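Values in this document were obtained by computation on a predicted structure and should not be read as measured data. Below, chain A is the first sequence line, B the second, and so on; all start at residue 1.
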Amino acid sequence: MTEIRLTNTRTRKKEAFVPIDPANVRMYLCGPTVYDRAHLGNARPVVVFDVLFRLLRHVYGPDHVTYVRNFTDVDDKINATALARKEAGAPGTLEELIRARTEETIGWYHADMDALGALRPTQEPRATDYIGAMISMIADLVEKGHAYARDGHVLFRVRSYTEYGALSGRSVDDMIAGARVEVAPFKEDPMDFVLWKPSDADLPGWDSPWGRGRPGWHIECSAMSHALLGASFDIHAGGIDLQFPHHENEIAQSCCAHPEGQFARYWLHNEMLQVEGKKMSKSLGNFFTVRDLLDRGIPGEVIRFVFLQTHYGKPMDWTAEKAAQAEATLRKWRALGAGIDPAPSAAPEVIAALCDDLNTAGAIAALHRIADPAVLVASARLLGLLEAGMGDWAAAPEADLSDLAAKLADLRVKAMDTKDFAPVDALKSALVAAGVEVRMSKAGVELLPGPNFDAAKLEGL
RNA sequence: GGCGGGUUGGCGGAGAGGUUACGCAGCGGAUUGCAAAUCCGUGUAGACCGGUUCGAUUCCGGUACCCGCCUCCA
């Protein structure tokens, strides 16, 4: 059995990956809050852990991996959008408008992530479908003394979980010293976080033992991962910015509610995507969406390639230059592999690189060294590149240039005699300006439409 | 203030305690009427200062700078 090694944030070490049950390897990735188009930063964990999903399927078999990625469809930004639509006169109840907004956003998300070549997870639970499970879990935490109700809120009692802070390497006292926590009168301790909060008439809400309200953000991942993957599962992944407080809180909730389980055994965190050296973030306002790039003509496969050129554990700067280089490389490889059946298996160097903590940059380096196109295609596909369904963008434009080729050849033959090459060069320049690649050799003239081919510029030649 | 990550040749970016990373660009050559494409060849890299070692860019310690988390965020 191929050994996969992964950097486990929980232990801060690169460890051999040993699944609880090789017949059902289980992975959970924190998914998007569906209030708007996914920005480019949202796409990094999707692509990175898609490669992990593919690798796990390769090693354990396609039917032996369960990959869960949630949709957070309870969120104040969604509520705000729906409320704004309602106030603008949109028909339907607030709940219906919220549903419509999240349905719309999920559709966008799927389209955008599909364009990046990400496989759909095995399951994509929506938070609103698990409210009952969350309420039960919260009630259980209250029962066990790990949570308390105050004024319609339910709060997790951080001091009741001695391991709190282990994942992110901080202590409760240090964090309080940092004094960046929301102080609220109903909290026993400033670090306590919300499991349930009351909803007024303008907000979506569900009936609960604590009145009509809605869940806090962290509880959904604990409830859904437990429902779909059990009290112990293999991998929990997400962006490094979720390490604290989101994942810390998930661990606290899950381990206190299900002390019989271990929750997630391997924690994987990807570093942030940057743009011009800064993190892409909503508060900085420097973010753009995946759709923005796709609309600008940058193929999803190119975005994917750029992502995978940097190890997931390092910050990655998005630049136009990288995209251009990636596009050139992919064009070359696609031309090389056109019409070729992939080899039965990927190159061992590529598999070895991926098994070494998902070294996608190393894997791409190995791809450059593969001489056999069939092996190249098979190996690239393990990374989700050179897939059959993604390559239309790289196909040469259809054009019949045989008349022009004949004309150029004729001019050239004449020029050989007269030694006046000006007419040949004039036609050649015009062709190049129209995006045609001109190849002249002793054997003859060949014209190939290139990436920037523009048939309109050929008129009159 | 607390916690964490980073710093490699013109650019991007890996691995390995001692031998060419790789890609792109550049340069030289083959080829071409000239080019393009292709092929061949080509790099004075490892932030700084110490330490361990026969030997460190690779391990350890410190310094500087950059970045992230601690607040919605992937």
Side-chain angles (χ1 to χ4, degrees), chain A residues 7 9 12 29-33 35 38-49 69 72 75-77 165 167-182 191 217 237-248 269-274 277-284 287 305-306 308-317 319 321-329 332 335 349 352-353 356 359-369 412-413 415-422 424-425 428-429 431-432 436-443 445-448 450:
Chain A
T7 298
T9 315
R12 286 145 214 277
L29 175 65
C30 288
T33 302
Y35 66 97
H39 71 217
L40 192 62
N42 295 126
R44 173 122 106 135
V46 173
V47 170
V48 161
F49 297 114
R69 184 180 64 207
T72 299
D75 177 84
D76 288 345
K77 286 186 285 290
L167 178 72
S168 51
R170 21 187 127 199
S171 76
V172 174
D173 292 322
D174 285 349
M175 287 183 277
I176 290 171
R180 284 267 202 107
V181 289
E182 184 193 358
M191 289 308 297
W217 174 38
I240 188 68
D241 57 337
L242 292 184
Q243 185 189 37
F244 186 88
H246 184 55
H247 291 160
E248 200 73 71
H269 290 102
N270 63 280
E271 253 293 348
M272 298 292 97
L273 179 135
Q274 306 190 337
K278 293 273 187 202
K279 188 183 81 155
M280 178 181 256
S281 77
K282 286 154 202 166
S283 51
L284 287 175
F287 70 96
F305 189 100
V306 171
L308 297 182
Q309 263 188 308
T310 302
H311 185 91
Y312 75 88
K314 283 189 163 189
M316 196 213 83
D317 209 6
T319 65
E321 174 62 25
K322 285 185 185 177
Q325 270 193 24
E327 181 175 331
T329 302
K332 189 173 82 178
E349 311 89 88
D356 180 13
N359 184 355
T360 53
I364 287 174
L367 290 179
H368 281 292
R369 272 172 278 178
R412 186 157 167 264
V413 169
M416 296 286 191
D417 278 341
T418 63
K419 300 298 173 198
D420 175 14
F421 286 92
V424 184
D425 288 337
K428 189 180 79 178
S429 302
L431 287 165
V432 169
V436 177
E437 190 182 302
V438 180
R439 297 185 183 180
M440 288 189 273
S441 67
K442 279 179 179 152
V445 170
E446 209 182 343
L447 299 183
L448 300 166

Inset, instruction - Identify whether any heavy atom of A/R412 sits under 4.0 Å from a base atom; if not, whether one sits that close to sugar-phosphate; answer base, sugar-phosphate or nothing. - result: base
Inset, instruction - For A/L448 and B/A37, give me the distance from atom CG to atom C1', rounded to whole Å. - result: 9 Å
Legend entry - Any A/K332 side-chain nitrogen or oxygen under 4.0 Å from OP1 or OP2 of B/G23: no
Inset, instruction - Could you tell me which nucleotide pairs with B/C72 by Watson-Crick or G-U wobble geometry, both distances under 3.5 Å, or answer none if nothing does? - result: none
Legend entry - Sugar-phosphate, base or nothing in reach of A/G238, heavy atoms under 4.0 Å: sugar-phosphate
Legend entry - Least distance between heavy atoms, A/T310 atom then A/A361 atom: N-CB, 4.4 Å
Legend entry - B/G4 versus B/G62 - spacing of their P atoms, nearest Å: 12 Å
Legend entry - Closest non-hydrogen atom pair between A/V436 and A/L447, with its separation: CG1-CB, 3.9 Å
Inset, instruction - On RNA chain B, check which nucleotide each of A/R12 and A/P32 is closest to and give me the residue with the more 5' one. - result: A/R12
Inset, instruction - Can you see which heavy atom on A/R44 is nearest to which on A/M272, and at what distance? - result: NH2-O, 3.2 Å
Legend entry - Touch class at under 4.0 angstrom, heavy-atom based, for A/V432 against every strand present: nothing
Inset, instruction - Please report, rounded to the nearest Å, how far the P atom of B/U32 is from the CE atom of A/M416. - result: 10 Å
Inset, instruction - For nucleotides B/C22 and B/A35, find the distance between their C1' atoms and express it as a whole number of Å. - result: 29 Å
Legend entry - Sugar-phosphate only, base, or nothing, as touched by A/L273 at under 4.0 Å among non-hydrogen atoms: base
Inset, instruction - Could you check whether A/H311 gets within reach of a base, just the sugar-phosphate, or nothing at all, counting any heavy atom under 4.0 Å? - result: sugar-phosphate
Inset, instruction - Would you check if the side chain of A/R12 reaches a backbone N or O of A/L167 as a donor-acceptor pair within less than 3.5 Å? - result: yes
Legend entry - Distance in angstrom units between A/D356 CG and B/G15 P, rounded: 7 Å
Legend entry - Residue-phosphate contact under 4.0 Å: A/K314 side-chain N/O, B/U7 OP1/OP2: yes
Inset, instruction - From the options B/C73, B/A36, B/G13, select the nucleotide whose nearest atom is closest to the side chain of A/A361. - result: B/G13
Legend entry - Under 3.5 Å on both distances, the Watson-Crick or G-U partner of B/A64: B/U7
Legend entry - Spacing between A/I240 atom CD1 and B/G5 atom C1', to the nearest angstrom: 8 Å
Legend entry - Short side-chain N/O contact from A/T329 to OP1 or OP2 of B/G23, under 4.0 Å: no
Inset, instruction - Would you indicate what A/N359 reaches in the nucleic acid, counting non-hydrogen atoms under 4.0 angstrom: base, sugar-phosphate, or nothing? - result: sugar-phosphate
Legend entry - For A/G238 against A/F49, the heavy-atom pair lying closest together: N-CE1, 3.9 Å
Legend entry - B/U20 and B/A47, which share atom name C1', separated by this distance in whole Å: 25 Å
Inset, instruction - For A/P45 and A/L29, work out which heavy atoms get closest and say how close. - result: O-CD2, 4.1 Å
Inset, instruction - Among the candidates B/C73, B/G13, B/C67, find the nucleotide nearest to the side-chain atoms of A/W217. - result: B/C73
Legend entry - Any-strand Watson-Crick or G-U partner of B/A14, both distances under 3.5 Å: none
Legend entry - Protein-nucleotide distance (A/R369, atom CZ; B/G23, atom C1'), rounded to Å: 10 Å
Inset, instruction - Give one of base, sugar-phosphate or nothing for A/R439, where a contact means two heavy atoms less than 4.0 Å apart. - result: base
Inset, instruction - Scan A/Q243 against the nucleic acid and name what it touches under 4.0 Å (heavy atoms): base, sugar-phosphate only, or nothing. - result: nothing
Inset, instruction - Would you tell me if any nitrogen or oxygen in the side chain of A/K442 comes within less than 4.0 Å of OP1 or OP2 on B/U32? - result: yes
Inset, instruction - Could you check how far NZ of A/K322 sits from P of B/G12, rounded to whole Å? - result: 7 Å
